[in-house]
Amino acid sequence: MSDLLERLRDCGWRMTAQRRVVAEVLDGDHVHLTADEVHARAASRLPEISRATVYNTLGEMVVLGEVIEVSTDRRAKRYDPNAHRPHQHLVCAQCGSIRDVHPAGNPLTDLPDAERFGFTISDVEVTYRGICPACAAA
């Protein structure tokens, strides 16, 4: 059983065939699929799954905190199953591919006190941008 499936079961989430296939499609490292990509992959395994079911299932997983919505630019939201592993994202500025990265240091504490303006910092989103090897070679 995949890590995401285990986490969803531990939450007490009822595992229907449709929910299971969406979770299976999302499971893995460096997975950042759009809802349409999830639907296409899920439909290849379970042809009767509807787009609405995929969108609803993704929304439920986000609410449960088991999947993160990632918006790195003006493109469609992507869904990241690595919700419990602190990480940042590296995005190709040309093709939009996304990789999880784990830079040294703690971005929650790296912001100097003078730059906090009295805020209590609870979360940080850092996105690194560049050109992936495939786009650089093209």
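Between Glu37 and Arg41, none of the side-chain N atoms (NZ, or NE/NH1/NH2) sits under 4.0 Å from a carboxylate O, so this pair counts as no salt bridge.
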Just list the side-chain donor-acceptor pairs under 3.5 Å for residues 127-138, sequence neighbours left out, or say none.
residue	atom	partner	partner atom	Å
Arg129	NH1	Thr72	O	3.1
Arg129	NH2	Thr72	O	2.5

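Note on Val22 and Leu46: same hydrophobic cluster, where clusters join Ile, Leu, Val, Met, Phe, Trp and Tyr whose side-chain heavy atoms are under 4.5 Å apart, directly or indirectly. Tracing side-chain contacts under 4.5 Å through hydrophobic residues (I, L, V, M, F, W, Y), one reaches Leu5 starting from Leu26; they form part of the same cluster. Tracing side-chain contacts under 4.5 Å through hydrophobic residues (I, L, V, M, F, W, Y), one never reaches Ile98 starting from Leu90; they form parts of separate clusters. Leu4 and Leu33 fall within a single hydrophobic cluster, where Ile, Leu, Val, Met, Phe, Trp and Tyr side chains are chained together by heavy-atom contacts under 4.5 Å. The hydrophobic cluster containing Phe119 also contains Val126, counting ILVMFWY residues as joined when their side-chain heavy atoms lie under 4.5 angstrom apart, directly or transitively.
Residues satisfying the side-chain hydrogen bond (donor to acceptor under 3.5 Å, both in side chains) criterion with Ser44, sequence neighbours excluded, are absent altogether. Among residues two or more places apart in sequence or in another chain, the ring pair (Phe, Tyr, Trp, His ring centres under 6.0 Å) test is passed with His32 by His89.
Nearest heavy-atom pair, Val54 versus Ala35, reported as atom, atom and distance to 0.1 Å: CG1-O, 3.8 Å.
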- Step by step, work out the side chain to side chain contact (heavy atoms under 4.5 Å, CB included) result for Thr57 and Val38. CA-CA 11 Å; Thr57 301; Val38 173; over 6 Å; no
- Take Asn82 and Ile68 through the side chain to side chain contact (heavy atoms under 4.5 Å, CB included) test and state the conclusion after the steps. CA-CA 7 Å; Asn82 294 320; Ile68 301 167; 6.0 Å; no
- Query: Stepwise, does the side chain to side chain contact (heavy atoms under 4.5 Å, CB included) test hold for Asp3 with His84?
  - Reply: CA-CA 11 Å; Asp3 177 55; His84 298 286; over 6 Å; no
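Rounding to the nearest 0.5 Å places NE2 of His87 at 11.5 Å from CZ of Arg99.
Applying the salt bridge (charged side-chain N to carboxylate O under 4.0 Å, His left out) test to residues at least two apart or on different chains, the pairs with a partner in residues 50-70 are Arg7-Glu66, Arg19-Glu60, Asp36-Arg51, Glu69-Lys77. Applying the salt bridge (charged side-chain N to carboxylate O under 4.0 Å, His left out) test to pairs two or more places apart or on separate chains, those with a residue in residues 109-120 are Asp113-Arg116.
Checked by atom type and distance alone, the side chain of His39 pairs as donor or acceptor with a backbone atom of Ile49 at under 3.5 Å.
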